[in-house]
2 protein chains.
Amino acid sequence: MDAQQLPAADEPAEEGDGPRHGATVVFIVERLRDAIVSGRLKLGARLVEGELTAQFGVSRGPVREALRRLAADGLIELVPHRGAIVRRLTRREIAELFQIRLELEALAARLAAENGDAARRRQFAEAIAPIFESKPRCIAEYLWENATFHEAVYALADNEQLKVLAGRLQLPLIMAQVGNILTPEILDLSVTEHRAIAAAILDSDPAGARAAMCAHLQRAADVADAQRRADVR
Amino acid sequence: MDAQQLPAADEPAEEGDGPRHGATVVFIVERLRDAIVSGRLKLGARLVEGELTAQFGVSRGPVREALRRLAADGLIELVPHRGAIVRRLTRREIAELFQIRLELEALAARLAAENGDAARRRQFAEAIAPIFESKPRCIAEYLWENATFHEAVYALADNEQLKVLAGRLQLPLIMAQVGNILTPEILDLSVTEHRAIAAAILDSDPAGARAAMCAHLQRAADVADAQRRADVR
DNA sequence: TTCCGAACATTGTAGGACAATATCAGAGCG
DNA sequence: CGCTCTGATATTGTCCTACAATGTTCGGAA
């Protein structure tokens, strides 16, 4: 692995890159994750503990733990006595994850629609209000709205395990790998679908909410897969 | 924490408890997991790195890693500068996990029914053949059959990510905590339901397979929750 | 050419040390 | 008597070095 591929290689102890006590592991994980999803670390690249310790200016302990976490997330593969290799998701894995996510979010939408807690419903309505007010003007804004919307659904679904599990589904990674091919039309369509889902939830229509969420994610999966197919690989 | 609560406390370097090189972490994880689910380590008990190193006769590195893994599984909670505390699943968490498992297995059943690969279907039929041949004579046999059946469904569903995710859902732990209140009637019912699910899958009836799996797990969840409610807590 | 063994690379683990931080007991004060 | 603040203590977070175990590679011999 080239030292240049990791930005921390040059000044390991300077500027603000020295994380506070207790944040070293998180620091390394974030750097490596970013390097992987951004493509700086190519598929199959080897991550050797010794090199990482030198590049980050930390000892092997945190490096090892960071590698374990990345491996748990599926970003790298730990090969005993060989080192860790970057393991980006295959098209098939992405399709499988989308399928799972679809079921989990559909469940969340159903549960949210079934939830009768008035206070939580009010919170939900407030959280998603921005979606009804305006259309996102840029991709970043859409991504924020999207995350907010799905988080609000999970919050109303009131199933903590579901929320945690969904969070571990590497959705940001998938988004990063799928690429920012989000055209304005897709954005519009997505927001429209969000509104439909929200309406069904607020109408206490579990079946409708579930169906709307399924349709939403099925379309998103199709878009992602089409993009993925277009890539040469 | 009393040293007696962990069987490894007495002879840390004797008999066969010294794991081979490369298996130390797994060794510790298994010991601790067993101690937790068996109740030897009570809820809220503190797990201090220093004590564990002494009891297992290993250094802090593997102990730390083992604790991280247990925390990832939800069995313990890591409190910074406080130590790890045993965190058994609450009734609510179990209910939430059952709900998620229901959706995931329902998805698996649907996918399995949709799978048209002749070779895989044949493998599935062979794997579940014992279920049709006889009724389990004891609980252990049932548990084995149950695991075999669900594994076969996942195999036919042909979604690797789904299989992995389901495996991380702490089902064995839940079973252990729910307790072995499996009466012969429940066993019989469960086997009957397995047969119905298998029949739907082999009939290439996705909706039927999904419905049957939902019914099966919903009933299992009800049984577990009833048992759980009976416990004083 | 193929197979075998030795050097090499890399991880797995040990053990000690210090820093950072949370907890707790007790002194001092109102 | 109760409250706050401070110091002692406990525990984790990190670093460092060293060695053991094991997979890899490459040269040499049959």
Side-chain angles (χ1 to χ4, degrees), chain A residues 1-3 6 8-9 11-14 16-32 41 44-72 75-87, chain B residues 1-3 6 8-9 11-14 16-32 41 44-72 75-87:
Chain A
M1 181 179 66
D2 286 344
L6 252 37
E11 57 288 324
E14 300 185 19
D17 73 345
R20 294 188 321 283
H21 187 77
T24 310
V25 175
V26 174
F27 172 80
I28 300 174
V29 166
E30 286 177 356
R31 288 262 183 149
L32 286 179
L41 285 173
R46 289 182 64 185
L47 295 174
V48 179
E49 291 181 3
E51 297 179 6
L52 298 178
T53 58
Q55 289 172 8
F56 287 114
V58 298
S59 68
R60 276 179 68 199
V63 167
R64 284 175 66 82
E65 192 172 325
L67 290 180
R68 305 303 160 130
R69 285 198 205 177
L70 290 171
L75 271 89
I76 64 177
E77 192 172 354
L78 254 36
V79 186
H81 301 103
R82 276 277 303 169
I85 60 177
V86 177
R87 179 188 163 285
Chain B
M1 181 177 63
D2 285 344
L6 254 37
E11 56 290 324
E14 300 184 17
D17 72 343
R20 293 189 321 284
H21 186 78
T24 311
V25 176
V26 175
F27 172 78
I28 301 174
V29 165
E30 286 176 355
R31 288 263 183 149
L32 286 179
L41 284 173
R46 288 183 64 186
L47 295 173
V48 179
E49 288 181 5
E51 297 178 6
L52 297 178
T53 59
Q55 289 172 8
F56 287 114
V58 298
S59 66
R60 275 180 70 197
V63 167
R64 286 175 64 82
E65 193 172 323
L67 290 179
R68 304 304 160 129
R69 284 198 207 176
L70 290 171
L75 271 90
I76 65 176
E77 193 173 355
L78 254 36
V79 187
H81 300 105
R82 276 277 302 168
I85 59 178
V86 177
R87 178 189 165 285

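Lettering follows sequence order; numbering is per chain, from 1. Since this is a predicted model, take the numbers as computed values, not measurements.
For the pair A:E51 CD and C:dT11 C1', the interatomic distance rounds to 13 Å; values are reported in whole Å. Here C:dT11 presents its P atom at 12 Å from NE2 of B:H21, a figure rounded to the nearest Å. The separation between B:R20 atom CZ and D:dG23 atom P is 11 Å, rounded to whole Å. Between A:R68 atom CZ and C:dT13 atom P there is a gap of 8 Å when expressed in whole angstrom units. The distance between atom CG of A:L67 and atom C1' of C:dG12, rounded to the nearest whole Å, is 14 Å. When the P atom of C:dA22 is taken as reference, atom CD1 of B:I85 falls 16 Å away, rounded to whole Å. Rounded to whole Å, the distance from CG on A:L78 to C1' on D:dT22 is 15 Å. Rounded to an integer number of Å, the gap from NE2 of A:H81 to P of C:dT10 is 12 Å.
Contact annotation: A:R82 does not reach the phosphate of C:dA9 (side-chain N/O to OP1 or OP2, under 4.0 Å). OP1 or OP2 of C:dT13 sits under 4.0 Å from a side-chain N or O of B:T24.
Nearer the 5' end of DNA chain D, as judged by each residue's closest nucleotide, is the contact made by B:G50, out of A:V58 and B:G50.
Ranking C:dG12, C:dT10, C:dG15 by closeness to the A:E49 side chain, first place goes to C:dG12. Of the candidates D:dG13, D:dC15, C:dG12, the closest approach to any side-chain atom of A:P62 belongs to D:dC15.
As judged by a 4.0 angstrom heavy-atom cut-off over every strand, A:G61 is placed among residues making no nucleic acid contact. Nucleic acid contact for A:G83: sugar-phosphate only, since backbone atoms but no base atoms lie under 4.0 Å from a heavy atom of the residue. If you check every strand for non-hydrogen atoms under 4.0 Å, A:V79 touches nothing.
Side-chain atoms of B:R68 do not come within 3.5 Å of backbone N or O of B:L78 as any donor-acceptor pair.
Residues satisfying the side-chain contact (heavy atoms from CB on, under 4.5 Å) test with A:V26, not counting sequence neighbours, are A:E30, A:R69.
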inquiry  = Could you go through B:L41 and B:L32, starting from their C-alpha distance and side-chain angles, then the distance that decides it, and tell me whether this counts as side chain to side chain contact (heavy atoms under 4.5 Å, CB included)?
reply    = CA-CA 8 Å; B:L41 284 173; B:L32 286 179; 4.3 Å; yes

task = Verify side chain to side chain contact (heavy atoms under 4.5 Å, CB included) between A:L52 and A:I28, making sure each step is shown before the conclusion.
result = CA-CA 9 Å; A:L52 298 178; A:I28 300 174; 6.0 Å; no

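The distance from the CZ atom of A:R64 to the CZ atom of B:R64 is 12.0 Å, given to the nearest 0.5 Å.
In this model, a side-chain donor or acceptor of B:R60 finds a partner on the base of D:dG13 within 3.5 Å.
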